[in-house]
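This report concerns only the one structure given below.
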Amino acid sequence: MTTASASALALAPVSTTVRPPVRAGAPSPAALVAIEVRKSLSTRSGRSLAVASMLLAPAATAIVAGASDESLGSVVGPLGVMGMLTGLVLLSLGVLSTAGEWTHRTVQTTYLLVPRRGRVLAAKTVAVALIGAVAAAVAVALTAAVLAGMVDGASWDGAGRAVGVFVAAGAVFAVTGAGVGAALANTPAALTSLYLVILGVLPVVRTFKPEVGSKLDPAEAVLALSQGQAQTQSVLVLTGWVVVALVAGAVVTRRRAVA
Amino acid sequence: MIEVSGLTKQYDSRTVVDDVSFVLEPGTVTGFLGPNGAGKSTTLRMMTGLVPATAGSTRIDGRPYDALANPAAVVGTLLDASAVHPGRTGRTHLRLMAATIGVPAARADEVLELVGLTPAAGRRIGGYSLGMRQRLGIAGALLADPPVLVFDEPANGLDPEGIRWMRDLLRGHAARGGTVLLSSHLLGEVESTVDRLLVIGTGRIVADGPVSDLLGSEGTAVHAADPAALTAALETAGFHVQHGADGALVVPGAEPGEVGVVAAAGGHVLTDLRPVRRGIEDLFFQLTA
């Protein structure tokens, strides 16, 4: 079917080639970031994850608020939980932006056009941080609207900080995903390891060794930060995840052969 | 100009590409020929910085590929046509490339038209046939209309019309002063396209020269009504005669015309007279033996 339609496609006479205007130098960092944003959002999986990350938190909030009979003391708690949830979705978006290129082998085109791989990884980092922050900002705005509309009498003290942490968590988780994706260079491997560690291993560690768990767990760090607790340690935990992921990603990206 | 010198790739103790050197001049089409697994793709990947070389270097206009500011403006590369995201449309794929290379977005539609993919431009690449992906890859390589084209097995999946079109494209490119390197494992695909053959076997360059030198007429095969009489006449005339399969006489180093002259002088009746060309397989086995 496709082959038949392919042979029906007419090839143009070769002589119609006219040299187009071509930019002289390398793409600017801003241009590369814009291209990486477009790449992330030009696939169905990328678009679906972006939309899911915006809608999951308000939808979950509406369901919980509708089902619960208990009165809510403060909106800060729900905002923290929903920020963490949104971050976990954006983790996948980050993974797809880097590991997805290896899995679909589109790294070949990417590095043929921009051989300086460090520039590509830097652009991807900024691009997913932007997408993560924007998606989280939409999610938190919708979540706050749901809370305002469905929950009466809850305190909004500290909501400003919780909103800020929500948005930052979106960027942090997306960048962490991009770093781990670049380090493992394989989408299923990166997604499985990340979710296994964050949702499986760390909760177990937290149960038996809470003092160790709180020094490693990025999800707990987001919850604590939005409540205004353990601020220094939480910032250090999140920074650690971002730095370790990006350094590992950069090391692997630099020398890995493109098959 | 492209200069490849001493390019070598080793995986542990296995040498996949062994001291490969060649120079590509503008205005020529060079065929990079060898069986699957001979090291063609690895060589092309090392030239374009995708695979780190164990030793050796590539200079494109005097610089390594990864030192070119905007490499796709200099070298149009088609390595693996299936290395595309199946979820993007052909047009989106090319527009992303156009933005990265820095050519107008409208150029994507021009190259789609050029390779005949305009009707499929809005469809997801996942639904493209291998031939359509190959054309999409060629379209991507042509975005900046670069002076150098490097195509790895571009004829894969193309129909005969597509192969002829590609031949015209590459010959036209060389005629305008461009440099072309195309690889293939089948001589028939590239024989009439290339000026020069670079033959690689088990990682080493085993032959490098004009097509006619490497695959030139090797001799003449002749069928005669009286083979014994013709053999005597040819040997008297100084030719060496071998007995081929199905009763043919094979005269190495002789042009058909020379054999015809001997036959005519002796009044021998010929039933068949043709040049014997050496196939790439023969050449290959001889070179790598």
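Since the model is a prediction, treat every value here as computed from it, not as a measurement. Computed over heavy atoms, backbone and side chain alike; hydrogens, waters and symmetry mates excluded. All chains are named by letter (A, B, ...) in the order of the sequence lines, taking the proteins before the strands, and each is independently numbered beginning at 1.
Across all non-hydrogen atoms, the minimal contact from Asn70(B) to Ala24(A) is CB-O, 3.9 Å. Here the closest heavy-atom approach between residue Asp66(B) and residue Arg116(A) is recorded as O-NE, 3.6 Å. Between Pro21(A) and Pro104(B), the closest heavy-atom pair is O-CD, 3.5 Å.
The part of Thr109(A) that comes within reach of chain B is its side chain, from C-beta onward, which places non-hydrogen atoms under 4.5 angstrom from that chain. Both the backbone and the side chain of Arg95(B) come within contact range of chain A, with heavy atoms under 4.5 Å apart. In this structure, chain A has heavy atoms under 4.5 Å from both the backbone and the side chain of Thr100(B). Proximity to chain B (any heavy atom under 4.5 Å) is restricted, for Arg256(A), to the backbone atoms N, CA, C and O. Using a 4.5 Å cut-off between heavy atoms, Leu130(B) makes no contact with chain A at all. With a 4.5 Å cut-off on non-hydrogen atoms, Arg38(A) touches chain B through its backbone and its side chain both. Both the backbone and the side chain of Ser82(B) come within less than 4.5 Å of a heavy atom of chain A. Using a 4.5 Å cut-off between heavy atoms, Met97(B) touches chain A through backbone and side chain atoms alike. Neither the backbone nor the side chain of Ala34(A) comes within contact range of chain B; no heavy atom of the residue lies under 4.5 Å from a heavy atom of that chain. No part of Leu158(B) comes within reach of chain A, as not one of its non-hydrogen atoms sits under 4.5 angstrom from that chain.
Environment of CZ in Arg44(A): sparse, with no more than 12 heavy atoms of neighbouring residues, nucleotides or ligands closer than 6.0 Å. More than 12 heavy atoms of other residues, nucleotides or ligands lie within 6.0 Å of CZ in Arg119(A), so this atom counts as buried by the packing criterion.
A donor-acceptor pair under 3.5 Å links the side-chain atoms of Tyr65(B) to the main chain of Leu112(A), judged by distance alone. Arg88(B) places a side-chain N or O within donor-acceptor distance of the main-chain N or O of Lys39(A), the cut-off being under 3.5 Å. Although no hydrogens or angles enter the test, the distance criterion places a donor-acceptor pair under 3.5 Å between the side chain of Arg23(A) and the main chain of Ile101(B). For Arg107(B) (side chain) and Pro20(A) (main-chain N/O), no donor-acceptor pair under 3.5 Å exists by modelled atom type.
In summary, Asp80(B) and Arg105(A) engage in a salt bridge, as defined by a charged side-chain N under 4.0 Å from a carboxylate O.
Note on Ala99(B), Gly87(B), Ala72(B): by heavy-atom pairs under 4.5 Å with chain A, the leading option is Ala99(B). When each of Pro52(B), Gly157(B), Ala73(B), Gly49(B) is scored by its heavy-atom pairs under 4.5 Å with chain A, the top score falls to Pro52(B). Of the listed residues (Gly25(A), Pro27(A), Ser45(A)), the greatest number of heavy-atom pairs within a distance under 4.5 Å of chain B belongs to Gly25(A).
To the nearest 0.5 angstrom, Glu101(A) atom CD is 9.0 Å from His85(B) atom NE2.
No side-chain heavy atom of Leu113(A) sits under 4.5 Å from any side-chain heavy atom of Pro71(B). Using a 4.5 Å heavy-atom cutoff, the side chains of Val84(B) and His104(A) are not in contact.
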